[in-house]
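The structure appears below as structure tokens.
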Amino acid sequence: MAKCLTVYYSRKGENFFPGGIKSVEKGNTAYAAEYIAKAVGADLFEVDTVKPHAENYRACCGEAVVEAKSNARPEIKSFVDDITPYDTIFVCYPCWCGTAPMCIFTFLEHYDLTGKKIVPLCTNEGSGLANSVADIERSCPGAIIAPGLSIRGHKCAESEAELAAWAMENQ
């Protein structure tokens, strides 16, 4: 059985949901990452930026646009000490500007992931995976990139069974 790691970036505070913006104590992607880790017995690692994104949803969107346009690599607080034991890495993130948040690329590009299986999971409210899988593939030369899964963010908290089944198939 493969040794798995689940890496995620998730936004607390104001988030977009069908019908408008509401504030949440726990980001949608965090639910998905926790369910995946639980299902496959993976270690769990949260990517956390040194400079937090704005709590206001619209301000955060503006920051995300600036980061994406400049292909930024925001500094993150920490990294996994040793990535070598992991065969499969689930990478969970919200869709920002048609891809993963730039801090996800900061994390991925820190390592040589040659031969590792990278399994993307993108939370969104309609954009699907967008360009995120292709962008992850460019950031992880030599890695094996799985097709990935798109899930509606507002459904994450109630999707444990679906996410667990998907994770078991993709570990």
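Only this structure's heavy atoms are used, side chains among them; waters, hydrogens and symmetry mates stay out.
- Considering every non-hydrogen atom in both Ser10 and Thr29, the closest pair reads OG-N, 3.3 Å.
- At most 12 non-hydrogen atoms from other residues, nucleotides or ligands lie less than 6.0 angstrom from CD of Glu55.
- Residues Met168 and Tyr35 are members of one and the same hydrophobic cluster, defined by side-chain heavy-atom contacts under 4.5 angstrom among Ile, Leu, Val, Met, Phe, Trp and Tyr.
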| task | Let me see the working for Phe105 and Arg138 under side chain to side chain contact (heavy atoms under 4.5 Å, CB included), right down to the final yes or no. | result | CA-CA 10 Å; Phe105 300 111; Arg138 278 190 293 281; over 6 Å; no
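- In this structure, Val66 is not a member of the same hydrophobic cluster as Tyr93, with clusters built from ILVMFWY side-chain heavy atoms closer than 4.5 Å.
- Counting only distance, with no hydrogens or angles, the side chain of Glu125 and the backbone of Pro18 share no donor-acceptor pair below 3.5 Å.
- Going from atom CZ of Arg152 over to atom OG of Ser127 covers 8.5 Å, rounded to the nearest 0.5 Å.
- Separating the OG atom in Ser78 from the CG atom in Asp48 is a distance of 7.5 Å, to the nearest 0.5 Å.
- With contacts defined as side-chain heavy-atom distances shorter than 4.5 Å, the pair Glu162/Lys155 does not qualify.
- Side-chain atoms of Val133 and Ile145, non-hydrogen and from C-beta on, do get closer than 4.5 Å to each other.
- Counting heavy atoms from C-beta on, the side chains of Ile136 and Ile118 come closer than 4.5 Å.
- Within the 4.5 Å cutoff, the side chain of Val80 has heavy atoms near those of the Leu5 side chain.
- In this structure, Pro52 and Thr49 approach most closely via the heavy-atom pair CA-OG1, 3.7 Å.
- Contact between Ser132 and Thr99 at its shortest, heavy atoms only, is CA-OG1, 3.6 Å.
- Across Lys12, Lys26, Arg11, Lys77, a single residue satisfies salt bridge (charged side-chain N to carboxylate O under 4.0 Å, His left out) together with Glu46, and that is Lys12.
- Checked options Phe45, Tyr8, Tyr9; the residue passing with Phe107 is Phe45 (criterion: ring pair (Phe, Tyr, Trp, His ring centres under 6.0 Å)).
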| said: One pair to check against side chain to side chain contact (heavy atoms under 4.5 Å, CB included): Ile36 and Cys92. What are the steps and the verdict? | reply: CA-CA 9 Å; Ile36 289 166; Cys92 307; 3.8 Å; yes
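- When ring centroids are compared, Trp166 and Phe90 come within the 6.0 Å threshold.
- Ring pair His110/Phe79 is parallel by interplanar angle, where below 30° counts as parallel and above 60° as perpendicular.
- Put simply, the side chain of Thr106 gets close to the backbone of Pro74: a donor and an acceptor are under 3.5 Å apart.
- A cation-pi geometry, defined here as NZ or CZ lying under 6.0 Å from the six-membered ring centre and within 45° of its normal, does not hold between Lys116 and Tyr86.
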| task | Could you go through the side chain to side chain contact (heavy atoms under 4.5 Å, CB included) check for Val47 and Val7 one step at a time? | result | CA-CA 7 Å; Val47 173; Val7 173; 3.6 Å; yes
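- Counting heavy atoms from C-beta on, the side chains of Thr123 and Tyr31 never come closer than 4.5 Å.
- Taking CG from Leu163 and CD from Glu158, the interatomic distance works out to 10.5 Å, rounded to the nearest 0.5 Å.
- Atom NZ of Lys22 has 12 or fewer heavy atoms from other residues, nucleotides or ligands within 6.0 Å.
- Counting heavy atoms from C-beta outward, Val119 and Leu149 have side chains that stay 4.5 Å or more apart.
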| field | Criterion salt bridge (charged side-chain N to carboxylate O under 4.0 Å, His left out) on Lys51 and Glu75, from CA distance to verdict | value | CA-CA 8 Å; Lys51 181 183 176 203; Glu75 186 179 357; over 6 Å; no
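- Between atom CG of residue Leu121 and atom SG of residue Cys156 there is a gap of 7.0 Å, rounded to the nearest 0.5 Å.
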| task | Let me see the working for Asn28 and Phe17 under side chain to side chain contact (heavy atoms under 4.5 Å, CB included), right down to the final yes or no. | result | CA-CA 10 Å; Asn28 298 322; Phe17 287 83; 3.7 Å; yes
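- From Glu63, atom CD reaches atom SG of Cys97 across 11.0 Å, with rounding to the nearest 0.5 Å.
- Smallest separation of non-hydrogen atoms from Ile144 and Gly115: CD1-O, 3.7 Å.
- Just one residue in the list Asp82, Asp43, Asp87 forms a salt bridge (charged side-chain N to carboxylate O under 4.0 Å, His left out) with Lys3, and that residue is Asp43.
- By the criterion of side-chain heavy atoms lying less than 4.5 angstrom apart, applied directly or through intervening Ile, Leu, Val, Met, Phe, Trp or Tyr residues, Met102 is grouped together with Leu129 in one hydrophobic cluster.
- No donor-acceptor distance shorter than 3.5 angstrom exists from the side chain of Asn71 to the backbone of Lys69, with no hydrogens or angles considered.
- Contact detail for Glu14 and Tyr57: the closest heavy-atom pair is OE1-N, 2.8 Å.
- Other residues, nucleotides and ligands contribute more than 12 heavy atoms inside 6.0 Å of the NZ atom of Lys117.
- Looking at Arg73 and Ser139, their side chains come closer than 4.5 Å, going by heavy atoms from C-beta outward.
- Contact record, Cys4 with Val40: CB-CG2, 4.1 Å, taken as the closest heavy-atom pair.
- Taking SG of Cys95 as the reference point, atom CD1 of Ile151 lies at 14.0 Å (rounded to 0.5 Å).
- Val91 has its side chain within reach of Leu108: a pair of non-hydrogen atoms, C-beta onward, lies under 4.5 Å apart.
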